Amino acid sequence: MSAPTAALIPAPAVLELHEGTLNLGTEAVVAAHPLFLAEARLLAEQCSLTFALPTTSRIDVVLTLSETPLPEEGYELDITGTGVAIRASTPTGAWHGAQTLRQLLLDGRTLPLLHIEDAPRFPWRGMLLDCGRHMMSVEYVKKAIDRLSLHRMNVLHWHLTEDQGWRLAVDAYPKLTEVGAWRSTHSSGDEGGRYGGFYTKEQVREIVAYAAARHVTVVPEIELPGHSVAALAAYPELSCTGGPFEVETQWGVHADIYCAGNDSVFTFLETVLGEVLELFPSEFIHIGGDEAPKERWEECPKCQARIRDEGLADEHELQSWFIGRIGDWLESQGRRMIGWDEILEGGLPDGATVQSWRGMDGALAAVRSGHDAVVSPTSHCYLDYDTGTTSLRKSYSFEPVPPGLTDAEADRILGGEGNMWTEYAPEEIVDTKIWPRLAALAERLWSPADRSDFFDFSRRWRIHKPRLEALGVTPGPEGRPVSIAAHFDPVLDGFVLECDADAPELQLAVGTPDSPPDPAGLYLDTSLVVKGSGTVLVQAVWDGEAWGEPAVCRLVRHAGVGREPVSAPAFSPRYAAGGTTALIDGLRGSGNYRDGRWQGVERVDLELVHDLGKPRRLSRITGGFLQDANSWIFLPTSVEVDVSEDGIAYRPLGTATHDVSNKVQDKVQWDAVIEADGTPARFIRLTARNVGACPAWHPGAGGDAWVFCDEVIIETEDDQ
Ligand code: ACM
Ligand code: ZN
């Protein structure tokens, strides 16, 4: 067996490895100071050690009270030839020390000798678990809590109410769960039919106690005023229109929200929150506050009367008033309110803490005005995003404190969270989304900023992964540790591919789908030239083994490549791909519209005009399109190609259509092919008809729809 290592995640603040090992046999005995008995008992249970009172004659692992005061959550851990000692000043510190030991014991009973001094950088180290979109079993929620605590994380942000489901039993309002906990269908996969469930109060108490034993605080989230359609389905009188409503079956931002002009809404919310406070001892209560469209309030006489009576300027101030009223009530109950960064709109209520998700601006605004903030920007912290968008490395590059803050402002950044939204992630696959990125976030939230080292983290992750697997967790991919930038070079008469790898010690093996990269084969420098069409795979290799997923570059060499178009589509700068030449650069996209190869046009038709430089006999024109209805991207209704000799007078060449419904949830790639049969032409104009507005059934109904195109392939008869 190889020598034991101390590949801990998160990395301890101070870690000294010493020569030698300690073998903790199966009979090893754990004892503890009277303050730490519960922690010692649970550690013994988790690691199959024997718990004993300190009067026992043999002690192998001891949790002791530190003689010198340590930070609130800090601990010291010594593994010497004679045993293990964990010192702390608080039970929480002792627990974190115990979980560090637990990580090592997951490798086996032979421990490296070491000395650790450790304490967290931030007090709030959390994960949001959305049990509104997909109901998760009590067993699963407990497991998630246990995995958090194994990584010295301490907050489960439990998202309990949504448009698509209300999950918490409330005695005063039984219909919340009788009606609100059930959706008629589920958009995700094969879960057709009635879907849902809820947590009884007894189950909630069980979960809260389970978490408390692991020094994890459960912060419940009760969404208001938006994301509340499930509650409105149960009690439509709480809305502006009176309903009726059904529990939402589609993910999205929905227009019906609690009426701000109706006093019974506040009676309802205070009663519900009163029951919440009885269940959850957490200082903070999350009230949501995000994504609350204002159109119902604009039309509602009661809401308009409220605006007048309270002297408010508009619906944004009405939202601020709404949130402030709930915040005051929570404060009167001795709790603190936290909400998503939209609670800044119309003025941040006194005492409110902001959870910044749309970037870091919300956190900046909050701390600069003397409020606390928790950070979980989509860019780094959204665990529902695929790893092609947010790779492990991207998550690891998360810095919770934005630049330019004073020390006092930086201190108001309490910490951060990884957010696991679950419309498309049932319990069975949630772990593959959470891990390994949450391990990266755990480290960024615990370890000193100057210990940040992605390559070192990646090395430790390779050792840590089997520990999670031993606990029954199936981690997902890390993403692609190598990216490819490609362009056509007329001088070299081919595509130049430049590879960028995550780590200097990664080697690059190159291959194709038919002849996959050989990790034991020859390695590429960083660039290569490819003359013709084909798919190139570049695999990162670490110590002779494939590391992560290969980067994929699909190249199509066609007659349009290498020239500027006469006119490019009116693309959005957010989805420019390569800019004006993106559609005739020879680079095809993947199924991910954010992969940098797809160009997006919002609301209007996509039109490209290209000049081949001289008349050519066309054989075929192909436009590549993507549908991702959940992202408001639809296939064009039709694709028309016109051709011209002079760029002035055009004649139609052909039209392509498809029979793909825009209701298809899965991503669809469609190549619109227009045969040309040798038609001579110099200018080509391709027009893809945008559906324009999202259809009536769609969560974005009426909003701007997108057309996404990756390439317009122009094939001629004289092509090689
Ligand atoms: C959010 O993702 N709507 C907070
Ligand atoms: Zn209203």
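A quick note: this is a predicted structure, and the numbers were derived from the prediction, not measured. Counting starts at 1 for both ligands and their atoms, in listed order.
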Open item on the list: Tell me if the aromatic rings of Tyr199 and Trp158 count as close, with their centers under 6.0 Å from one another.
Closed with: yes
TODO: Measure from NZ or CZ of Arg444 to the centre of the six-membered ring of Tyr396, then state whether that distance is under 6.0 Å and the direction lies within 45° of the axis.
DONE: yes
Task: Partners passing side chain to side chain contact (heavy atoms under 4.5 Å, CB included) against Ser149 (at least two apart in sequence or in another chain) - done: Trp95, Gln99, Asp146, Arg214, Val216
TODO: Check side chain to side chain contact (heavy atoms under 4.5 Å, CB included) between Leu277 and all other residues, then give those that pass, not counting sequence neighbours.
DONE: Ile285, Trp329, Leu330, Gln333, Arg335
What are the atom names and distances for all N or O pairs under 3.5 Å between ligand 1 and the protein?
| unit_1 | atom_1 | unit_2 | atom_2 | d |
| --- | --- | --- | --- | --- |
| ligand 1 | 2 (O) | Tyr382 | OH | 2.6 |
| ligand 1 | 3 (N) | Asp290 | OD2 | 2.7 |
| ligand 1 | 3 (N) | Glu291 | OE1 | 3.2 |

Open item on the list: Checking Asn419 against Tyr385 for the side-chain hydrogen bond (donor to acceptor under 3.5 Å, both in side chains) test, could you report, in this order, the C-alpha distance in whole Å, the side-chain angles of both residues, the deciding distance, and whether it holds?
Closed with: CA-CA 10 Å; Asn419 291 352; Tyr385 286 22; over 6 Å; no
Task: Check: Arg167 side chain, Gly132 main-chain N or O, donor-acceptor pair, under 3.5 Å - done: yes
Task: Residue pair Glu342 / Trp357, side-chain donor-acceptor N/O under 3.5 Å - done: yes
TODO: Return the number of protein N, O or S atoms with a distance to the Zn ion (ligand 2) smaller than 2.8 Å.
DONE: 4
Task: Option from Asp328, Leu318, Ile343 for which side-chain contact (heavy atoms from CB on, under 4.5 Å) with Ile323 holds - done: Ile343
TODO: In sequence, state the C-alpha distance, the side-chain angles, and the governing distance for Asp256 and Ser239, and then conclude on side-chain hydrogen bond (donor to acceptor under 3.5 Å, both in side chains).
DONE: CA-CA 7 Å; Asp256 288 291; Ser239 71; 5.6 Å; no
